[in-house]
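Convention: sequence-line order gives letters A, B, ...; per-chain numbering from 1.
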Amino acid sequence: MSKPSLPQGTRDFSSETVRKRNYILSTIKNVFECYGFEPLETPAMENLETLMGKYGEEGDRLIFKILNNGLNDPKNEAKAKEGFEKLLNGKNSTALTERALKYDLTIPFARYVAMNHGQLTFPYKRYQIQPVWRADRPQKGRYREFTQCDADVVGSTALINEVELSNIYHAVFVKLRLNNYSLKINHRKVLAALAEKIGGADSLTDITVAIDKLDKIGIDKVNLELNQRGLSVTQIDFINQYLNVNGNNEEKLNKIELLLSNNHLAADGIKELRFIVQTASKVNIDIDFTLARGLNYYTGTIFEAKAPAEVQIGSIGGGGRYDNLTALFGVNNIPGVGISFGVDRIYDVLDELNLFPQDIQISTRALFFNMGTEESKFSYAVMQSVREKGIPCELYHEQAKMDKQFKYADKKNILFAVIIGSMEMENNVCILKNLSTGEQQQISLTELPNLL
RNA sequence: GUGGUUGUAGCUCAGUUGGUUAGAGCACCAGAUUGUGAUUCUGGGGGUCGUGGGUUCGAGCCCCAUCAUCCACCCCA
């Protein structure tokens, strides 16, 4: 038998890791609940049809598909072979695969809303914390199975939702002591206005893909890429003016207003951004007109949360407004806006900056030493009475040298040692030792629970 | 999907132009120490050198393939 291994890009989470992850997840969850969002969970797998075509060509390629069962049944053989031929020609075949692992939480959510809109109370505010899968090649901060935390509001076009979601980002990051985060925002209508203004509305994708890389590859390479994508010198020149818009948020808005004047798309977008920036005044919002994000379904404001600059990890969250996501599933007029937290990356950031609190690793408060057969029976009974008070504790599993029992307590971050030997048994007392300070005292057994 | 990096003990890594029985530190176990964590000392267990082929009298080292890993691109959280 070969050594056991894990599929590429997946991970086991040790006890310590799970505790750290839960710290992040419960922080996010509490904030979501605090803002009136309700939980939702959807299955790990969806019908392939539900997912295909929703994430662009690149996205389709990264969807994990599940092979149908029973393909080796003789009566399915012809179908299976035909399906395989189709697959070789780059087409999907329900004869081979009709289910897939979910790729994100947004599309399954849209499917859910489309299926249940009759019963839901709008605006419907839901949050969802679940794993998703992508057949991407793993690298730093990138896995094939990872957890997303989404909060969306559907059935409302009110801008207050964008403000709320910005405040959620702020609340979560502050609670995680990630005070230097930045929340970049932009508006799809501003980007569209830029494309319109230079007379290349149809090249919107080309423009945004290129300018999105500005802070990564620099202006020269962006211009080169724009050139390669077929834009003229005058067009590139105008884009450069657009990219040069700088200053604080208000200054940027004023400058872009001037640059994209007499364009109703730009006017709309700028008005909305201005409202959000002014209303969500406590949030570290940084208007960034180069922010593009996936162009699939966003139509209004777009968000991207960045880790503090000293950590070389890109985006730790993102989101935006979509006009009509459920239309993909035949239900119209349900606009929405949502955000997502990238837990796995937030984990890496907190780890790198040493921001996990120490006390999240403590589970057992007290270790009862095992001093012998009779002693341990006695200790066990005492321990059970302490457990009844809700204090987590354990008895060392066998009689062993104290040295060994101390080391066990050390490794498990246990705070106290409770030692009951024959002498203590006779007098109904115990030795309570604080393992971090080394101080110890003899106390009566009735007092014990109060001192733990 | 494209290009590159690295695979030797539980962990971090040495290992000479290819040459005896593959090493160290940490960790683990036992003892010195039969009711108090340290330090020190002594002893001990652990490896198909990622896997499969090839070259050679001889391979941890060279060649091919494969798997895994990490990194970059694409894209993304």
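- Closest to the side chain of A:Lys401, out of B:G31, B:U36, B:C76, is B:G31.
- Comparing the same atom, P, in B:G25 and in B:U69 gives a spacing of 31 Å after rounding to whole Å.
- Across all strands, A:Glu304 comes closer than 4.0 Å to no nucleic acid atom at all (heavy-atom distances).
- For the pair A:Ile316 CD1 and B:A77 P, the interatomic distance rounds to 13 Å; values are reported in whole Å.
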Once pairs are restricted to Watson-Crick or G-U wobble with both distances under 3.5 Å, how does RNA chain B read as a dot-bracket string, [ ] for crossings and | for other-strand pairs?
((((.((..((((.....[...)))).(((((.......))))).....(((((..]....))))))).))))....
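- Using a 4.0 Å heavy-atom distance criterion, A:Gly317 is classed as a sugar-phosphate-only contact.
- In this structure, A:Gln8 reaches the B:U69 phosphate: one of its side-chain N or O atoms is under 4.0 Å from OP1 or OP2.
- Residues of residues 435-446 of chain A having a heavy atom closer than 4.0 Å to RNA chain B, listed by number: A:Leu435, A:Gly438, A:Gln440.
- A:Lys213 comes within 4.0 angstrom of the backbone, heavy atoms only, and of no base.
- Between A:Ala417 and A:Phe406 the shortest heavy-atom distance is CB-CE2, 4.5 Å.
- If you measure from atom CZ of A:Arg11 to atom C1' of B:A68, you get 17 Å, rounded to the nearest angstrom.
- We find that CZ of A:Arg61 is positioned 8 Å from C1' of B:C75, with the value rounded to whole Å.
- Comparing the P positions of B:G3 and B:G60 gives an interatomic distance of 31 Å, to the nearest angstrom.
- Taking atom NZ of residue A:Lys140 and atom C1' of nucleotide B:G4, one finds them 17 Å apart after rounding to whole Å.
- Taking the centre and axis of the six-membered ring of A:Phe64, the NZ or CZ atom of A:Arg144 falls outside the cone set by 45° and 6.0 Å.
- Among the protein residues, A:Gly318 comes within range of no part of the nucleic acid, since none of its heavy atoms lies under 4.0 Å from any strand.
- The nearest whole Å value for the distance from the CG atom in A:Asp12 to the P atom in B:A68 is 16 Å.
- For the pair A:Arg134 and A:Phe146, the cation-pi test (distance below 6.0 Å, angle within 45°) is failed.
- Summarising the geometry, the separation between CZ on A:Arg142 and P on B:C71 is reported as 11 Å, rounded to the nearest angstrom.
- A:Ser315 comes within 4.0 angstrom of the backbone, heavy atoms only, and of no base.
- Rounded to whole Å, the separation between the C1' atoms of B:U8 and B:G47 comes to 8 Å.
- Nucleic acid contact for A:Asp136: base, since at least one base atom lies under 4.0 Å from a heavy atom of the residue.
- Residue-environment remark: CD (A:Glu33) exceeds the threshold of 12 foreign heavy atoms within 6.0 Å.
- Salt-bridge check for A:Arg99 with A:Glu46: failed, with every basic side-chain N at 4.0 Å or more from each acidic carboxylate O.
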Restricting to nitrogen or oxygen on both sides, can you table the protein-nucleotides 27-30 of chain B pairs closer than 3.5 Å?
unit_1 : atom_1 : unit_2   : atom_2 : d
B:C28  : OP1    : A:Lys411 : NZ     : 2.9
B:A30  : OP1    : A:Lys404 : NZ     : 3.4

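- Contact of A:Gln405 with B:G35 (side chain to base): no donor-acceptor pair of N or O atoms is detected under 3.5 Å.
- Among the atoms of the strands shown, none is found under 4.0 Å from any heavy atom of A:Asp60.
- Here the CD1 atom belonging to A:Ile198 is positioned 4.5 Å from the CD atom belonging to A:Gln235, to the nearest 0.5 angstrom.
- Under 3.5 Å, the side chain of A:Arg345 and the base of B:C76 form at least one donor-acceptor pair of N or O atoms.
- Atom pair A:Gln139:CD and B:U5:C1' shows a separation of 13 Å (rounding to whole Å applied).
- A cation-pi arrangement is present between A:Arg21 and A:Phe13 under the rule of less than 6.0 angstrom and at most 45 degrees off the ring axis.
- Looking at heavy-atom distances under 4.0 Å, A:Tyr143 makes contact with a base.
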